[in-house]
Amino acid sequence: MLVFKKVSNLQKHLNKVRKSGQKIGFAPTMGALHQGHLSLIKQSKAQNDCTVCSIFVNPTQFDDKKDLKKYPRTTSQDTALLESVETEVLFLPSVEEVYPSNQVVRNDFDFGQLAKVMEGAFREGHFEGMAQVVNRLLEIVQPHNLYMGQKDFQQLTIVRDLLRQTNSSTNLVMCPIIREQDGLAMSSRNVRLSPENRQKAVVLSQTLLKVKERLGQASIAELESFAMTHLKLPDFRPEYFQIVDGVSLQAIENLEDSKLIVACVACWAGDIRLIDNMIFKNNLK
Ligand code: AMP
C-alpha cells in the first residue's frame, strides 16, 4: 500500500494511474476503521483498479469541539486493516494540506431543505463542513467511483446533490450498513459507549425493525411517536425518529406518496450520539 501525506505526491501517482486507463475508486473516512469502512474498500476493489482510502478527521464538520477532541485516532491499526484488504493507496493529509492558508477552499454550496432536516436541525454547520471537505477531497482524488455508506443516509443524499451542483462525473455508490451481531450499526464512536449503554444501544436497530413491522397499521405520526417512546431507556435521549421520502428527505404523510421511504434515527446514549436508518420501501427505477 502506498501512503501519501502530500496532495502533490498523491496527485502525481493518480495521474499516472489515470493515464494508464485504470479506474480509481475512493472511500473518504475519518479513521478508527471498522468492518463498515472495510466493506466500502472491498466494494471499491471489486469495481476499480486502484482504491484510495483517505483518513482525515475534518475539523470543519464538528459542531461540538469536545467531540472533535475525543474522536478516536488509531492510525497504525487503521493502516494494518487497510493493508489486510489490499488497499492500493492511503491518503493521510494534515489539516494544512486539506485547507492550505494560501488557497480558498470552496464552501458556498446550498443544499436547501436537504440540509435543514434531521442531522441538519441538530448539528449546526455539520453538513457545510462535510460538503467542504468531500468537495476538496474529490478535487484532489478525482475518482471514477465514490463509495459511501448508507449508515449516513442524509450525508450521502447531500453528497449526491454536491456532485450534481459541481457537474461532477464521479459516480456515487451507496454501500449497505454493516452491523454488529446484535444489530447495532458499526460506528467509530461505539468504542466510547459504556458497557451498559453498549448493550442497550441495540434499541436503535430494534426500534427501526419494530416500526417496519407495524408499517401500514398506524399513521406515520403514530409510528414516529411509538419509536420515540421506545428509545427512551435510562440514560438514552432520542433526538428524532423520522420516516421520510428518501430523495427529498422531507416528512411523508402516507406510504403511497413516495417510491423510496427511509426511517432515520438519532439518539444519545450517555454522551455518545448514535445514528441509524433503515430503508422501508424502495420502488425507484
Ligand atoms: P466516517 O469515518 O464515520 O466518516 O465514515 C466513512 C464512511 O464509512 C462513510 O461513507 C460512512 O457512511 C461509512 N460507514 C460508517 N459506518 C458504516 C457502517 N456501519 N456500514 C457501512 N458503512 C459505514
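Counting starts at 1 for both ligands and their atoms, in listed order. Note that the structure is a prediction, hence the values are computed from the model and not measured.
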Please write down residue, atom name and distance for the protein heavy atom closest to atom 23 (C) of ligand 1. Lys151 CB, 4.0 Å
Give a yes/no on ligand 1: does His34 have at least one heavy atom closer than 4.0 angstrom to it? yes
Taking only non-hydrogen atoms of Met30 and a 4.0 Å limit, the atoms of ligand 1 in range are 1 (P), 2 (O), 4 (O)
Side chains of Tyr99 and Thr60: donor-acceptor distance under 3.5 Å anywhere? yes
For ligand 1, which atoms have a heavy atom of Met186 less than 4.0 angstrom away? 16 (N), 17 (C), 18 (C), 19 (N)
For atom 20 (N) of ligand 1, which protein heavy atom lies nearest, and how many Å away is it? Ile178 N, 2.9 Å
Can you find a side-chain donor-acceptor pair between Gln11 and Asn15 that sits under 3.5 Å? no
Where's the contact between Gln150 and ligand 1, heavy-atom distance under 4.0 Å: side chain, backbone, both or neither? neither
Please state which part of Leu156 comes within less than 4.0 Å of ligand 1, counting heavy atoms only: side chain, backbone, both or neither. neither
The atoms of ligand 1 lying under 4.0 Å from a heavy atom of Met148, numbered in the order shown, are 10 (O)
For atom 10 (O) of ligand 1, what's the nearest protein heavy atom and its distance? Gly149 N, 2.9 Å
To the nearest 0.5 Å, what is the distance between CZ on Phe4 and NZ on Lys12? 9.5 Å
Could you grab the distance from atom CD of Gln22 to atom SG of Cys50, nearest 0.5 Å is fine? 7.0 Å
Can a salt bridge be assigned to the pair Lys281 and Glu256 using a cut-off of 4.0 Å between side-chain N and carboxylate O? no
I'd like to know if Asp63 pairs up with Arg123 as an ion pair, taking the criterion as any Lys NZ or Arg NE/NH1/NH2 lying under 4.0 Å from an Asp or Glu carboxylate oxygen. yes
Could you list the atoms of ligand 1 found under 4.0 angstrom from a heavy atom of Asp152? 11 (C), 12 (O)
Subset of ligand 1 atoms that lie under 4.0 Å from at least one heavy atom of Pro28: 6 (C), 7 (C)
Please check: side-chain N/O of Gln77 versus main-chain N/O of Thr74, any donor-acceptor pairing under 3.5 Å? no
Quiz question: by atom type and distance under 3.5 Å, do the side chains of Tyr147 and Gln47 form a donor-acceptor pair? yes
In the protein, which heavy atom is nearest to atom 5 (O) of ligand 1, and how far is it? His37 NE2, 3.4 Å
Residue Gly36 vicinity, atoms of ligand 1 by number, heavy atom under 4.0 Å: 18 (C), 20 (N), 21 (C), 22 (N)
If I take atom CG from residue Leu81 and atom CD1 from residue Ile41, how far apart are they, to the nearest 0.5 angstrom? 10.5 Å
Specify side chain, backbone, both or neither for Pro176, according to which of its non-hydrogen atoms lie closer than 4.0 Å to ligand 1. backbone
